[in-house]
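Counting from 1, the numbers follow the sequence of the chain as shown. Computed from a prediction, not measured in an experiment: that's the story for all the values here. Ligands are counted one by one from 1 in listed order, and the atoms in each one are counted from 1 as well.
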Amino acid sequence: MKIGVVGLGTMGAGIAQLAVEAGLETVGHEVTYELGERARARIEHFLSRKVDKGQIDSFDIDLLTLTIGLDDLADCDVVIEAIVEELDPKRELFAELDRICRPDAVLATNTSALSVTEIAGGATRPERVVGMHFFNPAPLMPLVEIVRAERTSDEAFETAYALGERLGKHPIRCHDTPGFVVNRVLIPLLNDCLRVLDEARVTPADLDAGMRHGAGWPMGPCELVDLVGIDVHVHASEALWEKLREPRMAPPPRLVAMANAGLLGRKSGRGFYEYDES
Ligand SMILES: NC(=O)c1ccc[n+]([C@@H]2O[C@H](COP(=O)([O-])OP(=O)(O)OC[C@H]3O[C@@H](n4cnc5c(N)ncnc54)[C@H](O)[C@@H]3O)[C@@H](O)[C@H]2O)c1
């Protein structure tokens with residue numbers, strides 16, 4: 001099986017790493033070779049560390065070839081898209097992939113918040129378009145949601161499911177609804193938690209302790225949002241709010257203010273907590 005990955009950013013590089021680790025021939029597409037090379041170096045670094053730790057015996061980085069031309073994805077069996085989270089570029093990309101790839105190839109999107117059905121609308125054969133929603137960091141998080149869009153064929157759906165397993169993930173099947181399964185539940189729940197900060201005038205550390213020790217959460221809500229990225233959480237909340245119009249989906253004003261102030265969590269060194277990454 002040959003895999004294509006379009007966009008080798010945070011998610012695409014993680015997905016390409018999984019494919020290489022599974023011993024699959026993989027073509028990685030980026031907008032420049034420099035970005036592609038950077039992603040490949042990261043993948044090689046992470047896989048080497050796994051070898052050092054005895055988690056895998058070996059890997060072959062040459063399974064991953066890089067390209068800046070979509071034509072090089074023509075003979076892939078499955079192409080997974082992980083480019084910017086915007087509808088128009090994704091629809092354009094799927095129209096192109098639909099034209100370039102073999103008719104039996106499956107085209108998957110890793111979108112978190114957009115409609116897979118709308119993305120598939122860019123293709124003349126929407127039956128072969130499916131959602132494969134990996135979680136961040138893709139090499140570590142066990143789940144992948146396999147999302148059936150309005151016109152996804154059974155063959156495409158099951159091919160994506162089987163690939164999820166082949167990549168060592170635990171796939172679950174669902175339909176194309178806002179937030180799919182996990183984010184539909186988790187985002188309003190986290191927003192509720194964060195509103196309690198102001199309502200109950202509890203500190204972030206006490207709220208986190210409360211949910212860890214009283215609800216059995218492995219990580220408190222403030223720690224989790226810091227890890228995900230405050231801006232990423234605000235963006236996902238806004239997308240769900242726009243689609244479902246349930247007040248719980250809307251990002252709490254405190255979070256929006258933090259995102260605007262550049263307090264993005266771990267990646268910016270400060271969110272609810274301070275981080276010293278040096
Ligand atoms: N980051 C997360 O936590 C997360 C989790 C699950 C799903 N997702 C989804 O995965 C997708 C990618 O997110 P990310 O966080 O990896 O973004 P990112 O910004 O880290 O990476 C996107 C990459 O795509 C490249 N790119 C942009 N347009 C392109 C194009 N037309 N062709 C090829 N490459 C292109 C960019 O150069 C960049 O390297 C989004 O749809 C996002 O919603 C993200």
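Residue pairs meeting the salt bridge (charged side-chain N to carboxylate O under 4.0 Å, His left out) criterion with at least one member in residues 147-163, sequence neighbours excluded: Glu127-Arg151, Arg148-Asp154, Glu158-Arg173.
At least one side-chain heavy atom of Asn110 sits under 4.5 Å from a side-chain heavy atom of His133. Using a 4.5 Å cut-off on side-chain heavy atoms (C-beta onward), Asp231 and Lys267 make contact.
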What are the atom names and distances for all N or O pairs under 3.5 Å between ligand 1 and the protein?
| unit_1 | atom_1 | unit_2 | atom_2 | d |
| --- | --- | --- | --- | --- |
| ligand 1 | 3 (O) | Asn136 | ND2 | 3.2 |
| ligand 1 | 8 (N) | Ser112 | OG | 3.2 |
| ligand 1 | 10 (O) | Asn110 | ND2 | 3.0 |
| ligand 1 | 16 (O) | Thr10 | N | 3.3 |
| ligand 1 | 16 (O) | Met11 | N | 2.8 |
| ligand 1 | 20 (O) | Thr10 | N | 3.0 |
| ligand 1 | 20 (O) | Thr10 | OG1 | 3.1 |
| ligand 1 | 37 (O) | Glu30 | OE1 | 2.8 |
| ligand 1 | 37 (O) | Glu30 | OE2 | 3.4 |
| ligand 1 | 39 (O) | Glu30 | OE2 | 2.5 |
| ligand 1 | 41 (O) | Ile83 | O | 3.4 |
| ligand 1 | 41 (O) | Glu85 | OE1 | 2.6 |
| ligand 1 | 41 (O) | Lys90 | NZ | 2.7 |
| ligand 1 | 43 (O) | Glu85 | OE1 | 2.9 |
| ligand 1 | 43 (O) | Glu85 | OE2 | 3.3 |
| ligand 1 | 43 (O) | Ser112 | OG | 3.2 |

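In this structure, the salt bridge (Lys or Arg N to Asp or Glu O under 4.0 Å) partners of Asp98, at least two apart in sequence or on a different chain, are Arg125, Arg128. By the side-chain contact (heavy atoms from CB on, under 4.5 Å) test, Arg99 pairs with Glu96, sequence neighbours left out.
Classification of Arg38 and Glu34 as a salt-bridged pair holds, one side-chain N sitting under 4.0 Å from a carboxylate O.
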